[in-house]
> 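Handing you a structure now.
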Amino acid sequence: MQFLQKINKYCFFLLVFSVTFENWDPFNLSGIVSVTYMASILYILSWLPLLKSQFRLSSFKQYLIPLTLFTIIGIFSTALNSGYAESYQDSYDLRVITLIILMFLIVNHFYNDKSLVYEALNIYVISIILLYILALSGVGTEFKNGRLLLFGENPNSIGVKAVVAFLVVVSRLINDKLSLKKILLNGLYIFSTLNLIILTGSRGALLSVFLGLAILILFMKITIWKKILLTIGGIGFSILFLGIVMKTNPAFERRIMNTIETGDTGRNDLWESSLIIIEDNLFLGVGLAGALPEMMKYTGRLIDPHNVFLYVLMTTGLFGFLFYLIFILKLWKNLHQSFKRNGRVVFLVMLAVVLFNMGKTGGAIGKIFFWFFFAILIGSTFDKNEVKNSMKN
C-alpha cells in the first residue's frame with residue numbers, strides 16, 4: 001500500500017509541475033494530448049487502487065452538491081435548447097466534469113496529507129521559474145504583437161500564472177523566517193516572475209499584481225504602523241514597476257494607454273453581447289451548445305464571453321449561476337475562517353486573483369489552472385485536528 005501511495009504522490013507532483021504547461025502539445029496532436037492531459041491521466045490512474053482505502057467523500061462533500069446541481073442544470077438547459085445540440089455529447093461539458101473530478105481527487109490528496117498544499121506551491125513556483133528560463137532561452141517561444149507566447153499558451157494565461165507565483169513568494173518573504181540565502185533566492189524568484197509578466201504584456205496580470213499586494217497588506221495581522229509602512233512601500237513598488245513596464249515594453253505601454261484613454265479592455269463587445277443574450281434567456285440560459293452560436297449572432301465570431309460568470313449565466317441561467325456562486329461563496333467562507341485561525345492571508349489573495357482573472361479569460365471554466373487552484377484553496381482550509389478526528393470515525 002505504501003508503494004502505491006508513493007506512486008500516487010509522485011504522479012501528483014508531476015501533475016502540479018505540468019499545470020504551468022497546460023497547452024503544450026509535444027506530439028503536435030492539435031492540442032488533444034497536452035503535457036497536462038497526460039499527467040492528469042497518470043494521476044487519475046494512480047488513484048484507482050487507492051480509492052477504497054484513501055478516498056473520503058467528507059473531504060469535499062459540501063462542494064460536491066452545488067457543483068453537481070450546476071452540472072445537472074447545464075444538461076437540462078441544453079436539452080431545452082436542443083436545436084443547438086448536434087449529438088447527445090453536446091448536452092454536457094465532459095472537460096469541465098473531468099476537471100471537477102480531478103479537483104476532488106486533489107482535494108482528497110490534501111485531506112490525507114495537509115503538508116502537500118505547501119509542497120504543491122513550491123513545485124508550482126519552480127515550474128514558473130523554469131518557464132521563465134525557457135522564455136529567455138527561446139525554447140517554445142514566440143512573440144506576437146510584442147507579446148510572449150510559450151508552448152501554445154496565450155500571454156494572458158502566462159501572466160496570471162506568473163502573478164500567482166509572485167504573490168506566493170512575496171507572502172513567504174513577509175510571513176516566514178528567512179535566512180540571507182532564502183531572501184536572495186526568493187528575490188531571484190520575484191525578479192523572474194515580474195520579468196515574465198512584462199514579457200506577456202498582460203494588463204490583467206499587471207492589475208493582478210497591484211490587487212494581490214493590496215489585499216495582502218490589507219488583511220495581514222500586523223500592527224497598524226507596520227501596515228502603514230507596507231502600504232507606502234507597496235505603493236512605491238507599484239509606481240516603480242509600472243514605470244519599468246512602460247519603458248521596457250512599448251507594446252505593453254500602448255495597451256495600457258489605450259485602456260486608459262478609451263476604457264476598452266478588448267472584451268467590451270463580448271461582455272455587451274453576452275448581457276443581451278442573458279437578458280433574453282435569464283432563468284435557464286441558452287444551454288452549453290448554444291453559447292457559441294448565440295455569441296456568433298452578435299459578435300460575428302464563435303467565441304465565448306471571456307468572463308466565466310457571464311458564461312455560466314448565459315449557458316445555465318440564474319439557476320445554474322446560483323449553484324456555481326454557492327460553490328465560490330462556500331470556498332470564500334472556509335478560507336476566511338481558516339485565515340482567522342492561522343493568519344495565512346496568501347490563500348485569500350489567491351482566491352481574489354483567480355476570480356478576477358476568471359472574469360476576463362476566455363474558456364476559463366475549462367482550464368485546469370483554475371480548478372487546480374480551487375483544489376489548493378480548499379486543501380488549505382483543512383484543519384489537522386479535524387482531519388485526524390474524521391479519519392478515526
Side-chain angles (χ1 to χ4, degrees), residues 8 10-27 29-47 60 63-64 67 70-71 74 92-110 116-117 119-121 123-128 130-131 140 149-165 168 204-205 208 288 304 306-308 311-312 324 327-328 331 350-351 353-380:
N8 184 227
Y10 291 140
C11 287
F12 169 71
F13 289 154
L14 179 63
L15 174 62
V16 173
F17 195 85
S18 74
V19 167
T20 299
F21 306 92
E22 184 170 358
N23 289 338
W24 184 20
D25 179 9
F27 303 111
L29 296 174
S30 302
I32 298 173
V33 183
S34 66
V35 168
T36 311
Y37 178 86
M38 292 186 286
S40 299
I41 294 298
L42 284 175
Y43 180 64
I44 292 171
L45 290 175
S46 73
W47 258 108
F60 57 81
Y63 304 103
L64 176 62
L67 286 178
F70 161 68
T71 303
Y92 58 91
D93 192 328
L94 180 60
R95 180 174 177 81
V96 172
I97 293 172
T98 303
L99 289 174
I100 291 173
I101 293 171
L102 186 63
M103 180 189 73
F104 286 143
L105 288 175
I106 296 171
V107 166
N108 200 88
H109 214 142
F110 292 143
L116 280 179
V117 171
E119 290 187 57
L121 288 177
I123 292 171
Y124 174 76
V125 169
I126 292 170
S127 71
I128 292 295
L130 175 61
L131 191 69
L149 289 83
L150 276 168
F151 300 107
E153 192 84 48
N154 74 63
N156 294 325
S157 295
I158 299 170
V160 66
K161 290 177 180 180
V163 170
V164 172
V168 169
S208 294
L288 303 177
D304 84 347
H306 277 55
N307 182 306
V308 73
Y311 173 81
V312 169
Y324 188 76
F327 163 69
I328 300 294
L331 177 54
M350 279 187 198
L351 178 62
V353 169
V354 164
L355 292 180
F356 171 73
N357 282 277
M358 289 183 77
K360 53 176 274 310
T361 302
I365 200 163
K367 288 186 177 293
I368 191 173
F369 171 80
F370 295 111
W371 292 103
F372 167 72
F373 269 96
F374 280 147
I376 289 275
L377 296 173
I378 293 171
S380 74

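One-based numbering along the sequence shown.
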> So which atom in Tyr43 and which in Ile106 form the shortest heavy-atom distance, rounded to 0.1 Å?
OH-CA, 3.6 Å
> Under the side-chain contact (heavy atoms from CB on, under 4.5 Å) criterion, do Tyr92 and Ile97 qualify, and how do the steps go?
CA-CA 8 Å; Tyr92 58 91; Ile97 293 172; 4.1 Å; yes
> Kindly state each residue pair satisfying salt bridge (Lys or Arg N to Asp or Glu O under 4.0 Å) with at least one member in residues 149-159, sequence neighbours excluded.
Glu153-Lys161
> If I compare all heavy atoms of Val163 with all of Ala205, which pair ends up nearest, and what's the gap?
CG2-O, 3.3 Å
> Could you tell me the separation between the CG atom of Asn156 and the CG atom of Leu149, rounded to the nearest 0.5 Å?
9.5 Å
> So, for Asn8 and Ser46, which heavy atoms are closest and what is the spacing to 0.1 Å?
ND2-OG, 2.8 Å
> Given side chains that start at C-beta, do those of Trp47 and His109 come closer than 4.5 Å, heavy atoms only?
yes
> Does some side-chain heavy atom of Leu67 sit less than 4.5 Å from a side-chain heavy atom of Phe104?
yes
> Do the non-hydrogen side-chain atoms of Phe151 and Asn23 ever get within less than 4.5 Å of each other?
no
> What heavy-atom pair brings Ser380 and Leu377 nearest, and what distance separates the two atoms?
OG-O, 2.7 Å
> Are the side chains of Val168 and Tyr124 in touch, meaning some heavy atoms are under 4.5 Å apart?
no
> Between Tyr324 and Val308, is there a side-chain heavy-atom distance shorter than 4.5 Å?
yes
> Could you tell me the separation between the CD1 atom of Ile158 and the CG atom of Leu131, rounded to the nearest 0.5 Å?
6.0 Å
> Do the ring centers of Phe12 and Phe110 come within less than 6.0 Å of each other?
yes
> Taking Ser18's backbone N and O only, do any of them form a donor-acceptor pair with Thr36's side chain (distance below 3.5 Å, no angle check)?
yes
> The test is side-chain contact (heavy atoms from CB on, under 4.5 Å); show your working for Leu130 and Phe21 and say whether it passes.
CA-CA 10 Å; Leu130 175 61; Phe21 306 92; 4.2 Å; yes
> If I compare all heavy atoms of Ser40 with all of Leu102, which pair ends up nearest, and what's the gap?
OG-CD2, 3.7 Å
> Once rounded to the nearest 0.5 Å, what's the spacing between atom OG1 of Thr20 and atom CD1 of Ile126?
10.5 Å
> Identify each donor-acceptor pair in which a side-chain atom of residues 355-373 lies under 3.5 Å from a protein atom, sequence neighbours left out, and give them as a table.
from: Asn357; atom 1: ND2; to: Ser208; atom 2: OG; distance (Å): 3.0
from: Asn357; atom 1: ND2; to: Val353; atom 2: O; distance (Å): 2.8
from: Thr361; atom 1: OG1; to: Asn357; atom 2: O; distance (Å): 2.5
from: Trp371; atom 1: NE1; to: Ile365; atom 2: O; distance (Å): 2.7

> Please report the interatomic distance CG(Asn108) to CD1(Ile378), rounded to the nearest 0.5 Å.
11.5 Å
> Can we call the ring centroids of Phe374 and Phe327 under 6.0 Å apart?
yes
> Any chance you could measure Ile101, atom CD1, to Phe60, atom CZ, to the nearest 0.5 Å?
9.5 Å
